[in-house]
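Structure first, then comments.
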Number of protein chains: 2
Amino acid sequence: MEQKEISQAVISRLPRYFRYLGELKDEGIERISSQELSELMQVTASQIRQDFNNFGGFGQQGYGYNVEYLYDEISKILGLNKTHHLIIIGAGNLGQAIGNYMNFERRGFILKGLFDANPALTGKLVRGNAVQPMENIEAFVKENDIDIAVLTIPKTSAVSVAEQLVSYGIKAIWNFAHVDLKVPEGIQVENVHLSDSLMKLSYNINRYQLGCGSERRKMGCDNEEQGARGR
Amino acid sequence: MEQKEISQAVISRLPRYFRYLGELKDEGIERISSQELSELMQVTASQIRQDFNNFGGFGQQGYGYNVEYLYDEISKILGLNKTHHLIIIGAGNLGQAIGNYMNFERRGFILKGLFDANPALTGKLVRGNAVQPMENIEAFVKENDIDIAVLTIPKTSAVSVAEQLVSYGIKAIWNFAHVDLKVPEGIQVENVHLSDSLMKLSYNINRYQLGCGSERRKMGCDNEEQGARGR
DNA sequence: CATTATGTTAACATTAATATAAAATGAAAA
DNA sequence: TTTTCATTTTATATTAATGTTAACATAATG
């Protein structure tokens with residue numbers, strides 16, 4: 001049957017295709033060619049075709065791609081036709097923000113509960129869910145068929161909490177803690193390291209300001225000063 | 001001088017190195033070899049050496065890398081020795097969360113102000129900063145030497161607000177709005193598309209559950225049903 | 001002087017871009 | 001109406017570029 005593993009590079013691009021296709025669909029556009037989509041999204045047409053082809057070719061020669069069909073297929077590939085139940089561990093600012101922001105519901109990600117170690121937060125309502133103490137997690141996960149845990153706690157406790165969650169049967173962790181989690185094979189982790197992202201931005205600002213942006217090399221761009229290295 | 005462009009793949013790894021080196025430093029570790037770091041970080045030693053070498057070689061043969069020196073160098077490469085002034089546009093849940101979370105201050109990212117179109121939020125204090133109306137942005141940016149704008153507003157207004165920010169002289173945008181911004185050459189944009197990240201997680205859950213995880217192919221893994229394609 | 005461990009070159013693997021081939025469309029001609 | 005045919009546009013194969021890992025030669029250590 002020869003089904004090859006699809007690279008994460010491709011997967012990472014799917015949500016963006018999905019977003020654009022959703023917009024096209026909303027505009028009532030029925031069909032689109034890789035060429036048109038290419039201009040819209042600023043990626044090469046060939047990459048678009050290659051990406052879609054990984055999953056078996058959704059287009060038709062001479063016609064292009066049917067927007068709605070393609071949208072639905074990508075939706076299935078991403079597993080958005082299934083419902084996921086999630087809980088938020090850490091009901092601080094970020095946890096609450098994510099809880100309240102639950103636009104995700106539309107895509108099948110249903111928030112079922114929030115937990116926090118701080119007793120002051122217990123009972124606080126976030127989008128209709130009362131924050132619970134950490135002790136409740138185990139029973140709650142087992143009783144409510146929870147797939148995904150959102151980790152919005154400080155890094156100091158993140159590793160051990162993640163371990164516990166896994167032992168309770170959680171299948172995936174959306175990790176906002178600034179630490180690398182160690183999980184067994186088969187448990188999915190998606191990291192959102194905000195500070196890493198900000199540092200990358202900082203690098204690019206810095207780099208561009210040194211005149212070494214995307215333009216040709218200029219003299220004096222090399223800002224390495226020769227300092228004592230080694231010890 | 002032959003300074004080659006460093007790929008974003010490398011840059012993306014720097015913050016993680018930086019994090020590990022910071023931890024080592026805090027533990028009082030003075031030196032480390034690429035081999036040791038490799039085991040700690042679960043990447044190949046050769047990649048570590050290759051990455052560091054992009055910037056001119058921070059180690060010494062027979063010795064390894066001096067933790068503190070390397071930490072400082074990466075810090076400089078990432079531009080963390082410079083101060084950046086930032087403002088948050090959109091003081092909703094997410095904007096407030098980021099504002100409050102300002103651990104970033106330690107790295108030179110100083111929050112100077114928040115802005116929101118909703119008058120109900122005007123005056124609300126977030127980490128000591130009163131939320132201001134959008135009309136104030138222009139003057140504020142010019143008077144306070146603002147580098148970075150954090151965009152935590154709905155996608156409907158994000159594009160036009162980004163354009164305005166650029167016209168006011170902003171150099172970089174940390175974009176949390178779920179839309180692609182169009183900015184002129186030289187303006188840096190770093191996107192944090194949370195829903196994309198969640199969809200990627202969903203894909204991987206789904207994929208693994210079909211038994212097609214990282215293990216060998218199994219029969220019946222192919223869940224493509226042959227539907228009508230084209231129109 | 002043997003060992004350690006980097007820097008660097010070379011091999012390999014992956015990803016993206018380009019070129020070619022084939023299928024379907026849609027319009028014009030029979 | 002049917003058929004032909006040029007055009008559109010995908011799918012596939014090929015080539016090029018990029019990124020990663022391995023190998024090795026060299027320098028410093030102890």
Integer-rounded Å distance: D:dT10 P and A:Tyr69 OH:
15 Å

Write down the distance between CG (A:Leu70) and C1' (D:dT9), rounded to a whole number of angstrom.
15 Å

Base of D:dT10 paired with side chain of A:Gln61 (donor-acceptor, under 3.5 Å):
yes

Mind calculating the distance between CG (B:Asn66) and C1' (C:dT6) to the nearest angstrom?
14 Å

Looking at side-chain heavy atoms only, is the closest gap between A:Asn175 and A:Val192 below 4.5 Å?
no

Give a yes/no on whether any side-chain N or O of A:Asn53 is located under 4.0 angstrom from OP1 or OP2 of D:dT12.
yes

For A:Phe18, enumerate each residue passing the ring-ring contact (aromatic ring centres under 6.0 Å, His included) test, keeping only those at least two apart in sequence or located in another chain.
A:Tyr71

Report yes if a side-chain nitrogen or oxygen of B:Tyr65 is closer than 4.0 Å to either non-bridging phosphate oxygen (OP1 or OP2) of D:dA28; otherwise report no.
no

Ring centroids only, cut at 6.0 angstrom: are B:Phe104 and B:Trp174 within range, meaning strictly under it?
yes

How does each nucleotide of nucleotides 17-23 of chain D score, in 5' to 3' order, for protein heavy atoms under 4.0 Å: base (B), sugar-phosphate only (S), or none (-)?
--SSBBB

Distance, rounded to the nearest Å, where B:Phe52 contributes CZ and C:dA5 contributes P
15 Å

Is the shortest side-chain N/O distance from B:Ser34 to OP1 or OP2 of C:dT6 below 4.0 Å?
yes

Determine which bases of DNA chain D form Watson-Crick or G-U wobble pairs with both distances under 3.5 Å, and write the result as a 5' to 3' dot-bracket string with | for other-strand partners.
||||||||||||||||||||||||||||||

To the nearest angstrom, how far is A:Phe58 atom CZ from D:dA11 atom C1'?
13 Å

In plain terms, say whether A:Lys171 and A:Asp147 are close enough for a salt bridge, that is, a side-chain N and a carboxylate O under 4.0 Å apart.
no

Would you say the side chain of A:Arg207 lies within less than 4.5 Å of the side chain of B:Gln188, judging by non-hydrogen atoms?
no

Starting at CD of A:Gln60 and ending at C1' of C:dT25, how long is that distance when rounded to a whole Å?
10 Å

For the pair made of CD in B:Glu36 and P in C:dA5, what is the distance, rounded to whole Å?
7 Å

Quick one: do A:Arg31 and A:Glu68 make a salt bridge, cutoff under 4.0 Å?
no

Does A:Arg16 pair with B:Asp180 as a salt bridge, N-O distance under 4.0 Å?
yes

A:Asp51 and A:Tyr17 side chains, donor-acceptor separation under 3.5 Å
yes

Find the distance A:Ile48:CD1 to D:dA11:P and express it as a whole number of Å.
12 Å

Considering only heavy atoms from C-beta outward, does the side chain of B:Arg49 approach that of B:Phe58 to under 4.5 Å?
no

